[in-house]
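Structure first, commentary second.
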Amino acid sequence: AQSVAQPEDQVNVAEGNPLTVKCTYSVSGNPYLFWYVQYPNRGLQFLLKYITGDNLVKGSYGFEAEFNKSQTSFHLKKPSALVSDSALYFCAVRGNYGGSQGNLIFGKGTKLSVKP
Amino acid sequence: DGGITQSPKYLFRKEGQNVTLSCEQNLNHDAMYWYRQDPGQGLRLIYYSQIVNDFQKGDIAEGYSVSREKKESFPLTVTSAQKNPTAFYLCASSYGTGFSYEQYFGPGTRLTVT
């Protein structure tokens with residue numbers, strides 16, 4: 001089955017500390033992976049994507065993500081968290097067969113809370 | 001939220017009434033999507049359209065209908081047949097449906113049905 005798992009409902013980090021938001025995926029073939037951020041009562045904003053190439057992908061607002069094929073993971077990272085990074089983060093994978101082919105399959109989201 | 005607009009931001013309806021949510025984009029994107037977001041459930045795909053005058057059902061299409069008469073517009077109608085319509089609805093678009101294309105989202109419409 002094609003799926004995305006975000007194992008943590010919430011991640012708490014102190015401002016200035018590094019942050020990691022975890023994502024694992026299950027899809028046959030080459031994965032196409034995406035991270036989005038959602039602020040309260042707003043739409044989703046695209047952060048970054050992995051299509052092919054370098055396993056470390058850099059995106060918007062200082063975020064980066066590391067693709068690990070053997071662990072089927074695509075964790076989102078930032079070296080130094082800001083209070084303004086507090087939001088809901090979604091990982092997504094592009095489905096590549098059946099009724100989900102070409103469509104994004106989203107995880108349930110991880111709420112990031114950065115305290116001053 | 002880019003060049004995608006959704007209106008209204010908040011919508012209240014009585015049970016048994018149909019309601020139409022607007023989605024317009026000026027990004028010249030071919031593909032458009034409707035998602036439903038419920039707390040703790042992520043996003044679920046309702047309908048999508050790859051081209052004008054064509055659309056396909058997503059994972060939870062029952063009780064919803066769409067049209068795509070113009071490239072810029074993809075309205076969603078929540079019918080009285082939808083058993084639990086109260087949710088946050090998000091419209092998105094992408095340049096194409098190729099695997100590498102990211103989707104861009106509108107600001108959403110929060111629908112409350114009582």
Side-chain angles (χ1 to χ4, degrees), chain A residues 1-10 21 23 25 27-53 57 59-60 63 65 87-111, chain B residues 1-10 21 23 25 27 29-51 55-61 87-112:
Chain A
Q2 305 168 103
S3 64
V4 172
Q6 294 182 241
E8 301 155 318
D9 291 335
Q10 181 156 345
V21 182
C23 171
Y25 65 90
V27 67
S28 61
N30 294 322
Y32 295 82
L33 297 154
F34 303 79
W35 274 104
Y36 288 84
V37 60
Q38 184 181 35
Y39 296 98
N41 294 312
R42 302 290 298 276
L44 277 65
Q45 296 179 28
F46 170 72
L47 282 178
L48 51 78
K49 64 182 177 183
Y50 173 82
I51 304 301
T52 187
V57 180
S60 305
F63 283 94
L88 188 58
Y89 290 81
F90 288 98
C91 181
V93 67
R94 184 81 77 179
N96 56 12
Y97 71 89
S100 295
Q101 184 170 2
N103 294 326
L104 287 179
I105 301 166
F106 285 87
K108 294 186 177 183
T110 298
K111 182 178 180 181
Chain B
D1 299 326
I4 302 176
T5 57
Q6 291 186 244
S7 60
K9 188 174 179 63
Y10 297 96
L21 282 59
C23 177
Q25 55 100 358
L27 300 169
H29 285 173
D30 286 320
M32 297 187 75
Y33 310 81
W34 273 106
Y35 293 90
R36 170 181 172 139
Q37 184 178 16
D38 297 282
Q41 294 195 43
L43 276 70
R44 293 181 289 170
L45 182 65
I46 305 173
Y47 268 98
Y48 64 102
S49 169
Q50 298 177 345
I51 197 169
F55 48 83
Q56 286 80 39
K57 294 181 180 179
D59 299 320
I60 56 164
F88 190 49
Y89 290 88
L90 289 161
C91 179
S93 70
S94 63
Y95 184 70
T97 54
F99 280 27
S100 65
Y101 294 125
E102 61 269 23
Q103 294 179 11
Y104 293 89
F105 285 79
T109 292
R110 188 167 297 280
L111 173 64
T112 303

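Chain letters run A, B, ... following the sequence lines, proteins first, then strands; residues in each count from 1. Everything numeric here is computed off the predicted structure, so don't read it as measured data.
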Under 6.0 Å between ring centres: does that hold for A/Phe46 and B/Phe105?
no
Is it the side chain or the backbone of B/Gln37 that comes within 4.5 Å of chain A heavy atoms, both, or neither?
side chain
What part of B/Leu43 gets closer than 4.5 Å to chain A, counting heavy atoms only: side chain, backbone, both or neither?
both
Does any backbone or side-chain atom of B/Tyr101 lie under 4.5 Å from a heavy atom of chain A? Answer side chain, backbone, both or neither.
both
Are any non-hydrogen side-chain atoms of A/Asn103 and B/Tyr33 less than 4.5 angstrom apart?
yes
Under 4.5 Å from any heavy atom of chain B - which part of A/Tyr36
side chain
Rounded distance [0.5 Å steps], CZ in A/Phe34 versus CD in B/Gln103
8.0 Å
B/Tyr95 atom OH, neighbour heavy-atom count above 12 within 6.0 Å:
no
Where on A/Asn30 is there a heavy atom nearer than 4.5 Å to chain B: the side chain, the backbone, both, or neither?
neither
If you define the side chain from C-beta out and look only at heavy atoms, does anything of A/Leu44 sit under 4.5 Å from B/Tyr104?
no
Note: B/Gln41 and A/Lys108 closest approach over all heavy atoms is C-CG, 4.2 Å
4.5 Å side-chain heavy-atom contact, B/Leu90 and A/Gln38
yes
May I have all residue pairs that pass salt bridge (Lys or Arg N to Asp or Glu O under 4.0 Å) and include part of residues 94-109 of chain B, sequence neighbours excluded?
A/Lys49-B/Glu102
